[in-house]
Each structure stands twice: as C-alpha cells, then as structure tokens.
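Keep in mind it's a predicted model, so treat the numbers as computed, not measured. Positions are given from 1 along the sequence.
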Amino acid sequence: HRLYLQQADAAVEGLGFGGADDLKLCVVLGYWLGSGFWKDPLYPWVKEIAATDGAQGVMNYALRRMDRQLKPREGSDG
C-alpha cells in the first residue's frame with residue numbers, strides 16, 4: 001500500500017497536479033497502467049493531456065480509453 005502511495009505522490013508532483021482528488025486518480029492509474037505510468041513512453045497521452053487539461057482531462061480520457069478496452073469487439077468471445 002505504501003509503495004502505491006509513494007508512486008502516486010511522485011506522479012502528482014511530476015504531472016503538476018494539486019487538487020484534492022488527484023492523489024486518488026494517480027493511485028488508480030498506477031494500478032491500471034503501472035506504477036510509473038506518468039513517465040512511461042507507452043502512455044504519452046498522460047503528460048500531454050495533463051499539460052493542457054490537467055487532472056480532469058486525464059481522468060476523462062482514461063475513462064474513455066477504459067470503455068474502449070472493456071467493450072467487446074465484434075467477433076470476439078468476450
């Protein structure tokens with residue numbers, strides 16, 4: 001638990017977030033995308049969106065992305 005919070009704190013600082021719920025957002029994103037998500041080249045959208053739209057923009061995009069990942073595709077067995 002402590003490691004997740006430390007990594008989330010680093011993400012909050014690295015992304016320039018400062019809102020009350022930003023730590024929670026970073027904990028969830030760290031669980032979903034990996035603890036270093038905010039500096040991972042596989043997820044350039046995190047820094048890009050954070051720079052322009054802040055934590056709310058990152059959360060909105062992440063939710064849309066999750067919807068696409070969870071939606072069964074035609075021809076799949078899911």
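Minimum interatomic distance between Gly57 and Ile49 (heavy atoms only, all atoms of both residues): C-CG2, 3.3 Å. Pairing each heavy atom of Gly54 with each of Phe17, the nearest pair is C-CE2, 3.7 Å.
Under the salt bridge (Lys or Arg N to Asp or Glu O under 4.0 Å) criterion, Lys39 pairs with no residue, sequence neighbours left out. For the side-chain hydrogen bond (donor to acceptor under 3.5 Å, both in side chains) test, residues two or more places apart in sequence or in another chain that qualify with Gln56 are Asn60.
Separating the CG atom in Asp22 from the CE atom in Met59 is a distance of 9.5 Å, to the nearest 0.5 Å. Trp38 contributes atom CH2, which lies 13.5 Å from atom CG of Leu29 (distance to the nearest 0.5 angstrom). Distance check, rounded to the nearest 0.5 Å: SG of Cys26 to CG of Leu15 gives 5.5 Å. Trp45 contributes atom CH2, which lies 5.5 Å from atom CG of Leu33 (distance to the nearest 0.5 angstrom). We find the CG-CG distance between Leu23 and Leu5 to be 6.0 Å, quoted to the nearest 0.5 Å. The line from CZ of Phe37 to CH2 of Trp32 is 10.5 Å long, rounded to the nearest 0.5 Å.
In this structure, Tyr61 is a member of the same hydrophobic cluster as Leu70, with clusters built from ILVMFWY side-chain heavy atoms closer than 4.5 Å. In this structure, Leu25 is a member of the same hydrophobic cluster as Met66, with clusters built from ILVMFWY side-chain heavy atoms closer than 4.5 Å. In the hydrophobic cluster analysis, where Ile, Leu, Val, Met, Phe, Trp and Tyr join through side-chain heavy atoms closer than 4.5 angstrom, Leu63 is grouped together with Tyr43.
A salt bridge does not link Asp67 to Arg64: none of the charged side-chain nitrogens sits closer than 4.0 Å to a carboxylate oxygen.
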